[in-house]
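Here the structure is laid out as structure tokens; the discussion comes afterwards.
For clarity, every value in this text was computed on a predicted model and none was experimentally measured.
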Amino acid sequence: MKVLSVASELYPLIKTGGLADVAGALPLALAAHGVETRTLIPGYPAVMKAVKAPKKIHEFGSLLDERATLLSARHEGLDLLILDCPQLYERSGGPYLDTHGRDYPDNWKRFAVLSKAGAEIAAGALAGYKPDLVHVHDWQSALVPVYMRYAETAEVPGLLTIHNIAFQGQFAASLFPYLELPGHAFYEALEYYGTLSYLKSGIVTSYAVSTVSPSYADEILTPEFGMGLEGLIASRGADLYGIVNGIDADVWNPATDTLLPAGYSAATLKKRAGNRAALVERFGLDADDGPIFCVISRLTWQKGLDLLPAVIDELVALGGKLAILGSGDSDIEAALQGAAAHNRGRVGMVLGYDEKLSHLMQAGSDVILVPSRFEPCGLTQLYALRYGCIPLVARTGGLADTIIDANEAALAAGVATGVQFSPVTADALRRAIRRTIRLYRDQRLWSQMQKQGMKSDVSWNRSGVTYAELYQRLVSKGQ
Ligand SMILES: Nc1ncnc2c1ncn2[C@@H]1O[C@H](COP(=O)(O)OP(=O)(O)O[C@H]2O[C@H](CO)[C@@H](O)[C@H](O)[C@H]2O)[C@@H](O)[C@H]1O
């Protein structure tokens with residue numbers, strides 16, 4: 001089966017979050033199931049710089065009045081189609097934000113053009129290439145099924161995966177005429193309370209909608225988590241799937257990870273000490289044996305990290321230490337930097353994004369904190385399981401689906417892999433930290449939990465099969 005995946009970020013070329021990891025790992029996982037994936041991505045500077053010997057394979061004369069060239073290249077096992085359109089993608093900031101952290105004002109066009117290119121490729125723009133299915137991710141490529149629906153050519157089945165419903169691609173209705181869609185598409189697909197919503201239009205027009213864990217698929221049917229789209233999603237209930245993310249078990253393997261000072265496995269957990277020492281040094285922490293908690297995250301309300309400053313005193317008083325890597329909301333950044341300054345030796349912070357350091361933190365910390373208010377799947381707790389770093393997570397979405405709480409019964413049965421808490425409040429988080437530190441003091445129990453986590457299958461094995469079956473079902477539906 002041939003699948004065209006359209007994504008706005010893709011590990012290892014360009015990444016701002018978990019979407020890149022999933023878009024980058026899924027094609028490799030699905031190859032084993034007979035799925036050949038080509039991935040269409042924008043030609044951002046980082047992409048153009050990294051790919052070797054790209055070949056020009058098509059010229060788009062006009063995509064919303066923009067000329068663009070399509071390049072093909074292979075990169076670390078991925079078969080890429082790169083939309084080279086410097087006037088839209090050659091920018092000095094990130095994929096979505098300028099160097100000051102502001103949305104590019106033409107994001108509506110940058111991702112509509114990406115989607116239009118995807119739809120034209122699906123319709124046969126490239127000689128000798130015709131995908132059986134198009135898989136799109138989040139609002140940035142959600143217009144692909146819309147363009148396919150309103151084109152004169154036969155529609156190719158489309159699957160939309162929602163990685164984060166909080167970002168919906170909402171723009172002024174006055175931009176609609178520039179999208180080159182027929183007038184009736186406005187009310188049929190795009191209109192959302194008087195604005196345009198790219199994500200909504202993708203939900204309406206895709207053959208099926210999936211999200212990245214079963215619990216989150218249920219949650220987005222409720223007003224609390226649906227962010228205004230719950231009614232629409234319910235109307236697609238028969239075509240809604242929740243498939244938990246896997247991780248690239250080669251990139252995230254503590255035994256072979258070249259980014260670590262000390263490789264280790266479940267049988268050689270003591271070697272984690274080498275990573276712990278490097279981590280302590282990097283974050284300026286005291287070298288005692290208190291538990292090291294870490295945070296590797298966007299610092300946002302979604303991730304619950306506004307609660308962290310309020311629990312740091314307790315964490316430190318109990319002998320814990322905290323290493324924070326992240327950036328995001330300026331208020332949260334400032335509060336955490338303040339806490340680090342007040343707790344030298346106990347709290348260290350690196351502001352920014354650092355893939356390499358994130359590996360060291362998983363390998364050298366004892367606990368990763370993931371107190372998210374909502375979490376479609378979450379990947380950092382999965383990396384943590386593989387690295388023997390115990391996840392302390394909010395009981396929500398994919399976090400609830402992937403971590404087994406260390407309650408009495410789970411501990412007795414030897415199946416616990418982490419600590420869950422609820423509701424997401426500073427008090428509940430404080431209690432969970434206390435419970436985690438009590439568990440840490442029983443080193444026999446602790447290493448049993450570490451080993452249990454390292455044993456869990458967090459690879460794409462299971463979900464790869466589920467995606468391949470879903471693809472097959474959608475292709476059959478299209479015939
Ligand atoms: N400062 C930093 N430095 C280095 N690395 C950093 C970092 N901050 C974050 N990361 C990395 O970025 C990724 C974040 O992935 P998550 O799944 O945890 O959340 P995100 O909200 O981005 O993804 C959305 O999409 C994914 C994929 O479906 C869902 O799992 C998730 O629930 C949903 O919110 C991880 O690989 C993490 O290690």
Side-chain angles (χ1 to χ4, degrees), residues 8 17-19 22 96 103 107-108 111 115 135-146 149 158-173 185-245 297-298 300-307 329 370-379 393-402 420 422-425 463 466 470:
S8 56
L19 161 61
V22 174
Y96 322 117
D103 285 322
N107 274 346
W108 68 273
F111 296 105
S115 295
H135 189 171
V136 303
H137 303 268
D138 280 349
W139 72 265
Q140 291 90 342
S141 50
L143 286 186
V144 178
V146 184
R149 174 70 42 94
L159 170 65
L160 165 69
T161 297
I162 301 175
H163 297 266
N164 197 333
I165 206 168
F167 302 107
Q168 302 184 354
Q170 224 177 323
F171 302 102
F186 180 70
Y187 283 112
E188 284 171 9
L190 273 134
E191 190 275 339
Y192 182 70
Y193 295 106
T195 68
L196 302 178
S197 166
Y198 286 16
L199 188 64
K200 177 203 155 174
S201 69
I203 295 171
V204 173
T205 53
S206 296
Y207 272 45
V209 177
S210 72
T211 185
V212 286
S213 68
S215 286
Y216 192 65
D218 288 341
E219 286 170 353
I220 54 176
L221 295 168
T222 67
E224 191 187 348
F225 292 95
M227 306 242 168
L229 293 174
E230 58 276 6
L232 179 70
I233 292 171
S235 75
R236 299 294 325 260
D239 304 309
L240 177 65
Y241 299 85
I243 306 175
V244 79
N245 286 332
S297 185
R298 291 186 285 116
T300 62
W301 183 88
Q302 174 198 343
K303 301 292 183 184
L305 292 168
D306 51 311
L307 300 178
D329 293 354
V370 194
S372 308
R373 288 196 171 79
F374 66 95
E375 196 60 79
C377 179
L379 293 171
V393 304
R395 187 176 300 120
T396 188
L399 300 173
D401 288 350
T402 55
Q420 291 189 358
S422 155
V424 180
T425 60
S463 296
T466 315
L470 175 57

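Contact annotation: the side chain of Leu305 approaches that of Ser297 to within less than 4.5 Å [non-hydrogen atoms, C-beta and beyond]. Side-chain contact between Ser8 and Asp138 is absent, with no heavy atoms from C-beta onward closer than 4.5 Å.
With respect to Asp329 and Lys303, no salt bridge is recorded, no charged nitrogen being found less than 4.0 Å from a carboxylate O.
For His137, the ring pair (Phe, Tyr, Trp, His ring centres under 6.0 Å) partners at least two apart in sequence or on another chain are His135, His163. Applying the salt bridge (charged side-chain N to carboxylate O under 4.0 Å, His left out) criterion to Arg298, with sequence neighbours excluded, gives no partner residue.
Between the CD atom in Gln420 and the OG1 atom in Thr402 there is a gap of 8.0 Å [rounded to 0.5 Å]. The CD1 atom of Ile243 sits 7.0 Å away from atom OG of Ser463, with the distance rounded to the nearest 0.5 Å. Rounding to the nearest 0.5 Å places OG of Ser210 at 6.5 Å from CG of Leu470. In this structure, CD1 on Ile162 lies 12.5 Å from CG on Leu19, to the nearest 0.5 angstrom. Ser235 contributes atom OG, which lies 10.0 Å from atom CG of Leu229 (distance to the nearest 0.5 angstrom). Put simply, CZ on Phe167 and CD1 on Ile165 are 12.0 Å apart, with the number rounded to the nearest 0.5 Å.
Between Tyr216 and Phe374, the ring-plane angle classifies as parallel under the 30° and 60° cut-offs.
Using modelled atom types, no side-chain atom of Asn245 and backbone atom of Leu379 make a donor-acceptor pair closer than 3.5 Å. Although no hydrogens or angles enter the test, the distance criterion places a donor-acceptor pair under 3.5 Å between the side chain of Arg236 and the main chain of Ile203. Listed for the Glu219 side chain is a donor-acceptor partner under 3.5 Å among the backbone atoms of Gly397. Without hydrogens or angle criteria, Arg373 side chain to Val424 main chain gives no donor-acceptor distance under 3.5 Å. At distances below 3.5 Å, at least one donor-acceptor pair connects side-chain atoms of Ser213 with backbone N or O atoms of Pro376.
Of all heavy-atom pairs spanning Cys377 and Val244, the tightest one is SG-CG2, 3.9 Å. Looking at every heavy atom in both residues, Ala173 comes nearest to Leu196 through CA-CG, 3.9 Å. Nearest heavy atoms, Leu399 versus Ala394: CB-O, 3.3 Å. The shortest non-hydrogen separation linking Val146 to Gly202 is CG2-N, 4.2 Å. Here the closest heavy-atom approach between residue Val370 and residue Glu375 is recorded as CG1-OE1, 4.4 Å. Looking at every heavy atom in both residues, Leu240 comes nearest to Ala217 through CD2-O, 3.7 Å.
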Check against side-chain contact (heavy atoms from CB on, under 4.5 Å), Leu190 and Leu143
CA-CA 9 Å; Leu190 273 134; Leu143 286 186; 3.9 Å; yes
Verdict with supporting geometry, Thr466 and Tyr241, side-chain contact (heavy atoms from CB on, under 4.5 Å):
CA-CA 10 Å; Thr466 315; Tyr241 299 85; over 6 Å; no
One pair to check against side-chain contact (heavy atoms from CB on, under 4.5 Å): Val393 and Ser372. What are the steps and the verdict?
CA-CA 7 Å; Val393 304; Ser372 308; over 6 Å; no
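The only member of Met227, Gln168, Gln140 that meets side-chain contact (heavy atoms from CB on, under 4.5 Å) when paired with Leu199 is Gln168. Trp139 pairs with exactly one of Phe171, Trp108, Tyr96 by the ring-ring contact (aromatic ring centres under 6.0 Å, His included) rule, that one being Phe171.
Counting only residues at least two apart or on different chains, the side chain to side chain donor-acceptor pair (under 3.5 Å) pairs with a member in residues 191-200 are Gln170-Thr195.
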